[in-house]
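When reading the values below, keep in mind they use all heavy atoms of this one structure, side chains included, and skip hydrogens, waters and symmetry mates. Please read all numbers here as calculations on a predicted model, not as lab measurements. Quick note on labels: first sequence line is chain A, next is B, and so on, each numbered from 1.
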Amino acid sequence: MKRFDIVVVGGGHAGVEAALASAKQGCETLLVTLDARAIARMSCNPAIGGLAKGQIVREIDVLGGLMGEAADMSGLQFKLLNRTKGRSVWSPRAQVDKRRYERFVQEVIHNTSKISTRSGEVVDIVVKSNKIRGVRLNSGEIINCRAVVLTCGTFLNGIIHIGEKKIRAGRMGEAASHGITETLVARGFKAGRLKTGTPPRLLKDSIDWSKTVEAIGDKNPVPFSYRSRKFRPKNVPCHTINTNEPCHEIIEKNRLRSSMFSGDVTGAGPRYCPSIEDKIHRFAHHSSHMLYLEPEWEDSDQIYLNGFSTSLPESTQVQALKKIRGLENVIFLRPGYAIEYDFFPPAQHKQTLESKFIDGLFFAGQINGTSGYEEAAAQGLVAGLNAARMFLGKDPLVLNRDEAYIGVLIDDLITKDTFEPYRMFTSRAEFRLLLRYSNADSRLAEKALNADIISTKDFEWFAKKLSTTSEMISRLGQSVEPQEMEKALEKSGEPGLRQKQPAGGVLKRPGISLSDLPPRLFKGLDISEYPGWIRSEIISETETAVKYKGYIKRQEEQVARMRQRGSYTIPVDIDYMAMSALSLEGREKLEFIRPETLAQAMRISGVTPADISVLSLCLAKRT
Amino acid sequence: MITGDTIVAPATPYGMSGLAVVRISGPETKNILAGLTGGRTLPGKRKASLRSLLNTDGEKFEEALVTLFYSPASYTGEDLAEISVHGNPFLVQQTVDIICRLGARLAEPGEFTQRAFLNGRLDLIQAESVAALIHSRSAAAIRLNYRHLRGDLSDSFNNIKAGLMKLIGRVEWWLDISEDESDPEMMPFLKQALADLIAEVGLLVDTFSTGKKINEGYLVVIAGEPNVGKSTLMNALTGTDRAITSHIPGTTRDTLDYSFSIEGIPITLVDTAGLRETDDLLETKGIERTRLHLDKADLILNVCDEIMPFVPHDRIGVPIVFVHNKSDISEINIKNRAEDKIHYVSALNGDGINTLKRTIKTTLGISGAGTDILALTTARQHQALVKCGAALKNTKELLGQEPPELELVSVELHDAIAGIDMILGKTTPDEILNSIFGSFCVGK
């Protein structure tokens with residue numbers, strides 16, 4: 001039988017990136033999944049990216065991951081969100097063809113020689129002196145390996161709730177997975193329960209499309225992946241409709257029959273993605289909520305009703321929706337439902353996503369209490385890569401909070417309590433201005449090269465693009481004459497120049513963009529070899545560097561201070577329970593999480609500033 | 001000191017007195033108390049109980065009233081005992097020694113309050129006000145510091161923070177969740193909320209000079225030509241014989257100060273050497289000191305008599321009260337000169353002294369002894385609020401731009417919160433998200 005170095009359990013978005021990252025390190029990798037035909041399946045909404053998530057996809061792409069490329073290949077419409085807001089919150093999102101997406105990814109997996117796939121259910125891990133030695137399948141068969149990445153998604157003891165109805169499943173129509181939770185808990189791991197939900201799927205022809213409002217994507221779309229050089233996506237429209245008071249009445253009347261309100265569901269659900277019954281109850285003064293009709297694939301007869309996540313009884317769902325203009329004759333293909341599943345609080349893991357208790361056991365994705373394809377994929381990439389690098393005896397890849405949303409994500413996971421499925425928001429990043437989707441390459445390309453996950457050729461391409469940008473920035477040190485700027489300044493209502501001035505200073509003014517500056521400044525700087533969207537990105541990054549200079553510098557200074565605190569490491573043998581001056585909650589949290597640095601300790605929820613004073617005094621005493 | 005051992009200290013000052021209190025705090029408190037009282041049952045929660053105290057040989061040496069506070073309902077948050085013994089310093093020392101032998105150690109200055117802070121019983125403002133309350137030298141200072149200890153100033157900071165959270169919640173919702181491209185209600189809301197906050201922070205920042213003065217006292221300097229009766233005036237105002245007086249010009253060579261209060265307002269009154277040209281080395285030094293005090297004064301009492309005129313002053317912005325002394329021997333008709341705002345007093349027989357005291361008080365800008373103001377009292381509080389205020393001003397500027405860069409507004413608001421956090425403790429991104437989820441309908 002073939003020997004495997006790394007086994008990845010689960011074939012969702014985390015599992016896929018984990019397997020690919022491991023294979024890139026040259027490790028023999030086995031992907032075990034309940035159903036190999038469902039690899040990379042999008043269980044919920046037919047979209048990739050969005051606010052904060054789009055940035056993550058870009059980061060995954062620079063780190064050699066597949067998600068961006070797959071979305072570019074299967075996108076139905078692309079939109080750069082927040083375009084009228086700040087540059088650091090511009091976020092790409094795409095509606096994608098779910099079928100094309102999973103086909104593309106499955107093909108890549110099957111064409112990767114270092115990855116083998118296998119349908120089966122892993123029920124236990126094999127451990128010898130606290131080190132992973134293999135996994136056991138429900139058939140009893142043991143597969144030997146040196147590291148395991150668990151990416152079981154919502155399948156662990158999954159229960160679907162539709163009103164009073166309960167179904168054991170990992171996804172509608174797919175069996176749940178049993179055994180892993182129990183064996184890990186027996187080994188001392190803590191487990192918890194979360195819930196998430198999904199809206200109904202509607203039959204396309206049962207909708208009166210003439211009563212809906214069309215929503216299309218950008219005319220000049222921006223891809224996620226730097227590798228997508230030939231990018232000419234379709235622009236398939238979505239549509240919107242609005243709920244109304246008759247619809248709200250039905251939902252409110254039946255609210256207690258929803259499994260969320262009846263007490264049937266014990267797991268905590270996400271506040272940022274509330275069910276429709278929750279929205280209507282909590283925001284009773286809103287007489288209408290917008291709903292989105294999204295095709296699940298091109299020419300799909302199945303329509304995803306975004307904004308109507310619910311666990312009401314199916315009959316109530318239908319009844320309420322029929323009150324909505326355009327849905328009077330709606331036919332369901334599948335009702336909305338809530339799903340409850342097990343997760344393992346990720347404070348039990350290290351920054352590499354490896355368990356603190358068992359060497360070689362890694363966790364990624366929804367099993368860590370996160371939600372979202374993007375969050376899962378990012379963890380999968382980090383866990384798979386680090387599993388392989390551990391096996392090879394190489395340094396792990398650790399991303400910091402000021403380097404990537406992925407860094408914020410993992411740091412939050414290992415230091416915070418998980419009360420609800422964790423979703424990324426830009427406001428979680430204290431250095432948001434530094435983490436733009438458009439500078440993911442300057443933040444991460446070198447790290448990716450050093451971790452052997454992108455080729456030298458890819459890196460050189462990034463390096464060239466980045467040096468073009470810095471050359472463009474340095475050209476702004478040249479002066480411009482008053483008459484050269486006259487028209488542009490007048491147009492934006494700015495006072496004219498009295499004497500010549502450095503171009504950068506003029507560009508700083510509100511309403512002035514790079515295209516307002518005289519072209520002679522950039523003579524000999526040819527960017528025509530790049531596709532249009534890369535050219536815009538170079539220009540936008542140049543403008544950002546100038547316009548945000550003061551604020552970027554401020555954040556960089558804060559980063560330096562945080563790094564300094566981060567350099568205070570906490571000895572591993574420290575006994576928190578003996579520090580009675582710590583608050584009880586602080587003591588328990590510190591004992592459970594055992595932060596690696598003082599900076600990390602400061603971010604733990606429940607650890608008070610007073611606890612930090614105590615801790616730093618204790619640390620000072622020891623040295 | 002943070003290892004959670006048990007500490008002991010006399011809580012009352014050294015000396016003979018009716019009673020003296022010894023305080024113990026820490027995990028060993030109950031065991032120590034059991035040892036000290038010969039194993040008798042411990043007193044109930046907060047119940048003052050009479051107990052015989054035993055020395056290490058098991059001999060009774062004192063009858064004391066013992067009160068035991070059980071963790072966490074105590075000043076420090078730990079088990080804490082207060083032992084009232086007779087007020088003899090040797091007896092107090094003996095009691096403390098025995099307690100130390102039973103496993104406690106002598107507390108460092110301020111350690112009880114430090115523990116109260118570390119255990120979350122007091123916030124930083126309250127901890128600061130404990131020391132300030134103990135050292136208060138006037139009724140106004142006591143009232144102010146008591147209000148701080150009660151948490152009134154913390155409430156003000158919490159209010160400002162709540163306002164900031166509302167503001168940043170709206171901004172973050174816009175940046176982070178809303179997919180709308182415009183919101184006509186947002187900018188007016190932000191501008192109004194910001195203007196309110198700027199006003200609130202500004203008012204509080206301005207209280208610092210008052211708060212500082214209420215704790216440290218106002219510096220009132222008596223100045224004038226030699227032999228106009230400055231020292232006599234000092235004695236008359238303070239009701240003491242603090243300064244030596246004589247008819248010889250230049251009697252006061254060094255500056256003298258005395259702290260007292262006028263209707264609850266703490267004042268440090270300084271008597272100075274008369275300003276004149278002199279060859280006397282000592283007197284010259286005294287005059288130098290006079291000038292130093294004049295530079296720091298909150299109020300100058302400029303004294304003259306019918307022979308010696310007022311000395312002109314070049315200090316701007318310091319209120320000056322002109323005092324014409326020796327009205328008892330002066331031939332000038334006081335009533336006719338009242339409109340000149342010169343105070344005619346006889347420091348010798350006390351005429352006009354009460355009117356002068358009232359003038360001093362009103363000139364210092366304090367209305368009524370019941371100064372129910374809330375004021376910043378430490379440089380730390382002041383600095384933090386100034387930082388917050390500066391960030392809010394930047395925010396205002398950014399909001400005035402077209403288009404307003406709300407992500408930069410967010411950076412400034414985070415800085416403003418960081419200022420408040422220096423006082424109240426750290427704000428986490430989760431709190432901001434909570435504020436968003438609490439007030440907006442989110443989710444597609």
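Heavy atoms of A:Arg87 lying under 4.5 Å from chain B belong to its backbone as well as its side chain. Of the two parts of B:Leu175, the backbone and the side chain both hold a non-hydrogen atom closer than 4.5 Å to a non-hydrogen atom of chain A.
Residues passing the side chain to side chain donor-acceptor pair (under 3.5 Å) test with A:Lys79, sequence neighbours excluded: none. Applying the side chain to side chain contact (heavy atoms under 4.5 Å, CB included) rule to B:Ser74 yields the partners B:Phe69, B:Thr76, B:Leu80; only residues at least two apart in sequence or on another chain are considered.
At a cut-off of 3.5 Å, with distance as the only test, no side-chain donor of A:Tyr551 or B:Glu405 sits close to an acceptor on the other residue.
Residues A:Arg436 and B:Glu407 are not paired through a salt bridge, judged by the lack of any N-O separation under 4.0 Å between the basic side chain and the carboxylate.
Taking a 6.0 Å sphere around CD of A:Glu557, one finds it holds more than 12 heavy atoms contributed by other residues, nucleotides or ligands. Taking a 6.0 Å sphere around NZ of B:Lys393, one finds it holds 12 or fewer heavy atoms contributed by other residues, nucleotides or ligands. Annotation: B:Glu397, atom CD; neighbour count of heavy atoms from other residues, nucleotides and ligands within 6.0 Å does not exceed 12.
Of the possible polar contacts, none joining the A:Lys85 side chain to the B:Leu406 backbone as a donor-acceptor pair under 3.5 Å is found.
Counting heavy-atom pairs under 4.5 Å between each of B:Ser178, B:Pro404, B:Gly77 and chain A puts B:Ser178 at the top. Among A:Val89, A:Asp278, A:Asp412, A:Asn45, the residue making the largest number of heavy-atom pairs under 4.5 Å with chain B is A:Val89.
The distance from the CD atom of B:Glu412 to the CZ atom of A:Arg554 is 4.0 Å, given to the nearest 0.5 Å.
Side-chain contact check for A:Lys547 versus B:Leu408: every heavy-atom pair is 4.5 Å or farther apart. Residues B:Glu172 and A:Arg432 form a side-chain contact, since some pair of their non-hydrogen atoms from C-beta on lies under 4.5 Å apart.
Here the closest non-hydrogen pair linking B:Asp176 and A:Leu51 is O-CD1, 3.1 Å.
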